[in-house]
There are 2 protein chains.
Amino acid sequence: MNHSILKGHLDGLILSVLEVEPLHGYAVIEALRHRSDEALDLPSGTIYPALRRLERSGRIAGEWSVVEGRRRRTYRLTAAGAATLARERSEWTAFSAMVDRVLAARP
Amino acid sequence: MNHSILKGHLDGLILSVLEVEPLHGYAVIEALRHRSDEALDLPSGTIYPALRRLERSGRIAGEWSVVEGRRRRTYRLTAAGAATLARERSEWTAFSAMVDRVLAARP
DNA sequence: TTGCTACATATAGCGATGCTACATATAAAT
DNA sequence: ATTTATATGTAGCATCGCTATATGTAGCAA
């Protein structure tokens with residue numbers, strides 16, 4: 001049931017929303033939900049570990065702050081992250097074209 | 001290094017080549033390589049377990065034969081497999097449109 | 001004969017990752 | 001007092017593509 005068709009593509013999506021502007025985790029979830037026309041509604045157990053992975057690998061940089069009494073960690077895209085994003089965009093283009101081609105053939 | 005962007009999409013690709021005609025594992029590898037313009041060259045450790053999974057779940061049905069002294073297991077798409085393929089095609093359409101939308105946005 | 005290449009299948013075990021379930025805390029509204 | 005929205009986190013599960021390795025046949029070249 002848990003296809004998780006998303007596997008391997010989440011990082012690119014996150015980097016893509018952070019490219020527009022720095023956001024904290026909760027806002028990343030909302031941004032992805034809006035940008036995908038409500039198709040993507042990621043659970044916290046997906047997004048927070050993903051952000052920590054991206055930070056640990058240097059693709060994004062996070063900083064704590066407190067807004068209206070709530071602490072939040074806001075992430076911005078690094079130069080390395082921008083490079084990764086560019087690579088993931090072109091990989092996605094090739095990959096999706098390939099899948100389209102293979103799925104299109106009919107008996 | 002091991003992106004494996006393919007995760008979650010392999011079953012659809014296999015079902016799609018088996019929809020055209022029944023094939024054995026080795027021929028599935030070749031069919032995917034040709035249909036993808038040499039982009040996909042799956043190792044045996046990927047394809048054979050995937051075929052066994054699809055068979056165990058009733059999406060394909062396999063049968064042993066011997067051709068020119070070599071034994072092979074030829075798989076055909078079942079009715080359940082055709083239904084799965086149809087669902088995966090429409091899921092892929094929605095998924096790829098969503099990723100396109102999210103990755104397209106720029107700062 | 002030996003060795004190489006293509007054909008053909010298989011499995012143990014690894015690594016990565018999205019997700020469920022749960023936990024914690026603040027602020028505002030009911 | 002309770003619920004809802006905001007905000008983050010982790011333990012542990014399940015899945016699955018892939019590496020590495022193993023086995024065997026057929027045909028051809030040196």
Side-chain angles (χ1 to χ4, degrees), chain A residues 1-15 22-34 36 39-57 59-60 62-75 84 88 91 95 98-99, chain B residues 1-15 22-34 36 39-57 59-60 62-75 84 88 91 95 98-99:
Chain A
M1 210 57 84
N2 191 11
H3 267 80
S4 222
I5 209 176
L6 197 59
K7 211 159 269 210
H9 305 280
L10 179 61
D11 286 6
L13 301 183
I14 292 175
L15 295 178
L23 294 171
H24 59 289
Y26 194 87
V28 168
I29 295 175
E30 289 191 307
L32 285 174
R33 208 176 57 233
H34 294 141
S36 68
L40 266 189
D41 193 8
L42 301 177
S44 65
T46 292
I47 208 73
Y48 293 110
L51 287 169
R52 289 304 195 170
R53 280 199 301 269
L54 287 168
E55 184 176 29
R56 202 169 48 233
S57 69
R59 265 78 180 186
I60 61 179
E63 201 181 347
W64 286 109
S65 64
V66 175
V67 176
E68 285 171 17
R70 295 184 193 95
R71 67 178 201 136
R72 53 169 66 164
R73 190 164 180 82
T74 300
Y75 297 95
T84 299
E88 301 226 343
E91 279 179 11
F95 174 73
M98 183 273 284
V99 174
Chain B
M1 211 59 85
N2 191 11
H3 267 77
S4 222
I5 207 175
L6 197 59
K7 210 158 268 207
H9 305 280
L10 179 60
D11 285 5
L13 301 182
I14 293 174
L15 295 177
L23 295 171
H24 60 288
Y26 194 87
V28 169
I29 295 174
E30 291 191 306
L32 285 174
R33 208 176 57 234
H34 294 139
S36 68
L40 265 190
D41 194 8
L42 300 176
S44 66
T46 292
I47 207 74
Y48 293 110
L51 288 168
R52 290 304 195 169
R53 279 197 302 268
L54 286 167
E55 184 176 28
R56 202 169 48 233
S57 68
R59 264 81 182 186
I60 61 179
E63 204 180 348
W64 286 109
S65 64
V66 175
V67 176
E68 285 170 18
R70 296 185 192 94
R71 66 177 201 137
R72 52 168 67 164
R73 190 163 181 81
T74 300
Y75 297 94
T84 298
E88 300 226 343
E91 278 179 11
F95 174 74
M98 183 273 285
V99 174

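By convention in this document, chain letters (A, B, ...) are assigned in the order of the sequence lines, proteins followed by strands, and residues within each chain are numbered from 1.
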Colleague: Please give, in whole Å, the distance from D:dA7 P to A:E63 CD?
Modeller: 17 Å
Colleague: Between B:H9 (NE2) and D:dC16 (C1'), how many Å, whole number?
Modeller: 12 Å
Colleague: Base, sugar-phosphate alone, or nothing: which one does B:I47 contact when heavy atoms must sit under 4.0 Å apart?
Modeller: nothing
Colleague: Sequence neighbours left out, what passes side-chain contact (heavy atoms from CB on, under 4.5 Å) with A:P22? Give chain and number order.
Modeller: A:T74, A:R76
Colleague: Counting side-chain heavy atoms from C-beta on, which of D:dC16, C:dC19, D:dA14 comes nearest to A:S4?
Modeller: C:dC19
Colleague: Quick one: pull up CD1 in A:I14 and CG in A:L51 and give me the separation to the nearest 0.5 Å.
Modeller: 5.0 Å
Colleague: Could you tell me how far apart A:L54 (CG) and D:dT8 (P) are, to the nearest whole angstrom?
Modeller: 15 Å
Colleague: Please identify each residue that fulfils side-chain contact (heavy atoms from CB on, under 4.5 Å) with B:F95, with sequence neighbours left out.
Modeller: A:I5, A:L6, A:H9, A:W92, B:H9, B:W92, B:M98, B:V99
Colleague: Between A:L42 and A:E68, just flag the one whose closest nucleotide in DNA chain C comes earlier from the 5' side.
Modeller: A:L42
Colleague: Take atom NE2 of B:H3 and atom C1' of D:dT19, then tell me their distance rounded to the nearest Å.
Modeller: 18 Å
Colleague: How does protein contact run along nucleotides 6-12 of chain C, one letter per nucleotide 5' to 3', with B for base contact, S for sugar-phosphate only, - for none, heavy atoms under 4.0 Å?
Modeller: BBBBBB-
Colleague: Please list, chain by chain and in numerical order, all residues satisfying side-chain contact (heavy atoms from CB on, under 4.5 Å) with A:V67, sequence neighbours excluded.
Modeller: A:S65, A:R72
Colleague: Report the distance from atom CG of B:L6 to atom P of D:dC16, rounded to the nearest whole Å.
Modeller: 12 Å
Colleague: Provide, to the nearest angstrom, the distance between the CG atom belonging to B:L13 and the C1' atom belonging to D:dC16.
Modeller: 14 Å
Colleague: Taking side chain to side chain donor-acceptor pair (under 3.5 Å) as the test, write out the residues that go with A:T84, two or more places apart.
Modeller: A:R59
Colleague: By side chain to side chain donor-acceptor pair (under 3.5 Å), which residues pair with A:R73, not counting sequence neighbours?
Modeller: A:E55
Colleague: Provide, to the nearest angstrom, the distance between the CG atom belonging to B:D41 and the P atom belonging to D:dG17.
Modeller: 16 Å
Colleague: Once you round it to whole Å, what is the distance between P of D:dA7 and CG of A:L51?
Modeller: 14 Å
Colleague: Answer whether the closest heavy-atom distance between the side chains of B:V28 and B:L42 falls below 4.5 Å.
Modeller: no
